[in-house]
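Here is the structure we will look at, set down as structure tokens.
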Amino acid sequence: MNATKYEIDMLGVGAADALLVRFFDENDKAYIILVDAGNYCNGETIAKFVKERYNTFQIDLAICTHCDDDHFGGFIFLLEDMKNNPQTSVDIKKFLINDPGLHITQNDVKYYQNLDNVRKEARFVYDGHGNNLLELIWDLSRKRRLSYSEAFSDGYNSEFDGLIDILGPSTEYYRTQALLFRNDLQPYDYAIVDDSEDAYEIPETKNIYSKKLDEAGSDPSHHNKSSIIFLFKPDDEHYFLFTGDADEDSFSNFKYQCDVDKIKNIYWMKIPHHGSAHNMSNNMINHIRPSIAYVSTEKYGHYLDKSVVGALKKIGTSIYSTKNSVNIWHHHNTPDREDYFPVETL
């Protein structure tokens, strides 16, 4: 399958993620991928966008990167709508989602003797708005409304003849994170107190260094670390890196060196976890070096950190943000949109 025409829409859903990829094959047939769906209230926004902007009632592939409700909540809305309003709903044909219940047994945890109870408890992380995302997927699958699969670099690892290339997590890395999933994590201050740009270039290596990024530490959320990381690889040789809410630990645990090499000097990336300094390190920035970066955020200080922005700008990255609920759009060989205008970089 070839993809010579494509567009990427990052919807302005606040400090949440909802991205749409639409590409056209060699026969000019359109395919739509939804990467995360924001909070529950964003599901309706996504459905309306797909119907009105793409003039369709179908999403070919949905990818839920991890089990935080600002990424999976909108999927619950969309699947409820598929069940309750099949004549007007936007239907999802296939889901990629990792199931913690398949990677934990009663031998891994305390106080549980029954495997079914262990799995039920592990899957509680996908509860939201009186439903469980995995149970909705299973129900619709039984009715032949959609199919689903897990996604790992060493398992089921591609879609659309390799246009979607799963780089992480590996099965074992996901298992180690799933054992540490929580239902309620104590609030963590993702903002750096001294929020300013401090990155500078090291002349000998041309690498950048930010002391604040060095001292920020890694993201404590094992949900975030478990994010599905993948590439979209159209035919123009530009690679697009989708990161969920991953951090340096997620990237350093890639199973295959070839996947590490694929993301070096990337064309485009989605900045993980809304621009938090705990999810972008000096090492990541110096290796990935994106030409363009998108970030879903509301404002500086609400995850988005100036040390991340400053470090990326120092290596020449153009950064675009959904702040003020703005939708941002990247396209190649598709028509201009009369109601869209150039947006300023951060």
Side-chain angles (χ1 to χ4, degrees), residues 3 6-11 13 16-23 31-38 46 59-68 70-72 74-75 94-98 149-153 156-160 162-170 173-174 219 223-234 236 238-248 250-251 253-254 259-260 262-276 279-280 284-285 287-297 308 312 317 319-322 327-332:
Y6 59 85
E7 50 195 351
I8 298 173
D9 286 283
M10 176 176 270
L11 304 187
V13 291
D17 274 11
L19 298 101
L20 287 152
V21 179
R22 182 167 73 151
F23 69 90
Y31 296 84
I32 297 172
I33 304 168
L34 173 60
V35 185
D36 291 329
I46 294 165
I59 292 169
D60 297 278
L61 177 67
I63 302 174
C64 181
T65 62
H66 65 291
C67 52
D68 277 341
D70 62 327
H71 292 253
F72 76 75
F75 285 130
K94 184 172 183 178
F95 234 105
L96 294 185
I97 184 170
N98 290 334
S149 174
E150 293 192 293
F152 297 109
S153 62
Y156 189 92
N157 61 8
S158 72
E159 285 283 349
F160 302 113
L163 289 177
I164 298 297
D165 184 3
I166 309 296
L167 310 182
S170 67
Y173 183 72
Y174 181 80
D219 190 330
H223 291 200
N224 291 347
K225 292 177 187 293
S226 75
S227 292
I228 295 173
I229 303 168
F230 69 93
L231 289 173
F232 169 59
K233 303 190 298 186
D236 62 355
H238 286 157
Y239 281 11
F240 294 75
L241 175 63
F242 292 79
T243 61
D245 282 350
D247 70 353
E248 182 171 18
S250 312
F251 284 87
N253 276 279
F254 276 9
D259 289 337
V260 177
K262 288 174 187 175
I263 64 172
K264 187 174 183 180
N265 301 325
I266 206 84
Y267 175 67
W268 181 101
M269 81 174 295
K270 201 281 293 188
I271 300 175
H273 206 199
H274 322 297
S276 166
N279 298 78
M280 285 291 283
M284 288 173 64
I285 291 170
H287 180 77
I288 300 172
R289 289 182 174 268
S291 298
I292 298 170
Y294 277 17
V295 60
S296 57
T297 188
V308 173
L312 286 167
T317 303
I319 308 167
Y320 299 91
S321 162
T322 59
N327 296 341
I328 49 178
W329 175 55
H330 180 95
H331 70 117
H332 178 74

Handout entry: Non-hydrogen side-chain atoms of H330 and Y294 separated by less than 4.5 Å
Key = yes
Problem - Donor-acceptor pair, side chain of H287 and main chain of V260, under 3.5 angstrom - result: yes
Exercise for the section: Look only at the side chain of D60 and the backbone of I32, and say whether a donor-acceptor pair between them is shorter than 3.5 Å. Expected result: yes
Problem - Rounded distance [0.5 Å steps], CE in M280 versus CG in L312 - result: 4.5 Å
Practice task
Can you measure from CZ (F72) to OG1 (T65) and round to the nearest 0.5 angstrom?
Solution key: 11.0 Å
Handout entry: Side chain to side chain, V295 and I319, heavy atoms closer than 4.5 Å
Key = yes
Fill in the blank from the handout: Between N157 and S153, the two heavy atoms sitting closest are ND2-O, 3.1 Å
Exercise for the section: Using the six-membered ring wherever Trp is involved, compare the ring planes of F23 and Y31 and label them parallel, tilted or perpendicular (cut-offs 30° and 60°). Expected result: parallel
Exercise for the section: Would you give the length of the straight line joining atom OH of Y173 to atom CZ of F152, rounded to the nearest 0.5 angstrom? Expected result: 12.5 Å
Problem - Side-chain touch F242/I63, heavy atoms, less than 4.5 angstrom - result: no
Exercise for the section: For H238, enumerate each residue passing the side chain to side chain contact (heavy atoms under 4.5 Å, CB included) test, keeping only those at least two apart in sequence or located in another chain. Expected result: Y6, D236, F240, Y267
Handout entry: Closest contact, heavy atoms only, H66 versus D36
Key = N-OD1, 4.5 Å
Fill in the blank from the handout: The reported gap from SG in C67 to CG in N224 (rounded to nearest 0.5 angstrom) is 8.5 Å
Exercise for the section: Answer yes or no: is there a side-chain heavy-atom contact under 4.5 Å between E159 and K94? Expected result: yes
Exercise for the section: Verify, without hydrogens or angle tests, whether T243 (side chain) and A246 (backbone) share a donor-acceptor contact under 3.5 angstrom. Expected result: no
Practice task
Please examine the side chains of Y320 and I292, heavy atoms only from C-beta on, and report whether any two atoms are closer than 4.5 Å.
Solution key: yes
Handout entry: Distance, nearest 0.5 Å, that separates CG of N327 from CG of L11
Key = 5.0 Å
Completion exercise
Nearest heavy-atom approach of S226 to P169 is O-CG, 3.6 Å
Completion exercise
By side chain to side chain contact (heavy atoms under 4.5 Å, CB included), A151 pairs with (sequence neighbours left out) L96, N98, I166, I228
Practice task
Would you give the length of the straight line joining atom OG of S227 to atom CG of D68, rounded to the nearest 0.5 angstrom?
Solution key: 8.0 Å
Practice task
Taking side chain to side chain contact (heavy atoms under 4.5 Å, CB included) as the test, write out the residues that go with T322, two or more places apart.
Solution key: M10, S296, I328
Practice task
Identify the two heavy atoms, one from G162 and one from K233, that lie closest to each other, and give their separation to 0.1 Å.
Solution key: O-CE, 3.3 Å
Handout entry: Stepwise side chain to side chain contact (heavy atoms under 4.5 Å, CB included) test for V35 and F230
Key = CA-CA 10 Å; V35 185; F230 69 93; 3.6 Å; yes
Completion exercise
Closest non-hydrogen atoms of I266 and L231, given as atom of the first, atom of the second and distance, are CD1-CD2, 3.8 Å
Practice task
Kindly give the heavy-atom pair with the smallest separation between K270 and W268, and that separation in Å.
Solution key: N-CZ3, 3.6 Å
Practice task
Taking the side chain as every heavy atom from C-beta outward, state whether H274 and D17 have any pair of such atoms under 4.5 Å apart.
Solution key: yes
Exercise for the section: Could you give me the CA-CA distance, side-chain angles and deciding distance for R22 and D9, then say whether side chain to side chain contact (heavy atoms under 4.5 Å, CB included) is met? Expected result: CA-CA 8 Å; R22 182 167 73 151; D9 286 283; over 6 Å; no
Problem - side chain to side chain contact (heavy atoms under 4.5 Å, CB included) evaluation trace for F75 with I97 - result: CA-CA 11 Å; F75 285 130; I97 184 170; over 6 Å; no
Exercise for the section: Begin with the C-alpha distance, continue with both residues' side-chain angles, and end with the deciding distance and a verdict on salt bridge (charged side-chain N to carboxylate O under 4.0 Å, His left out) for D247 and K225. Expected result: CA-CA 6 Å; D247 70 353; K225 292 177 187 293; 2.6 Å; yes
Handout entry: D165 and Y239, any side-chain heavy atoms less than 4.5 Å apart
Key = no
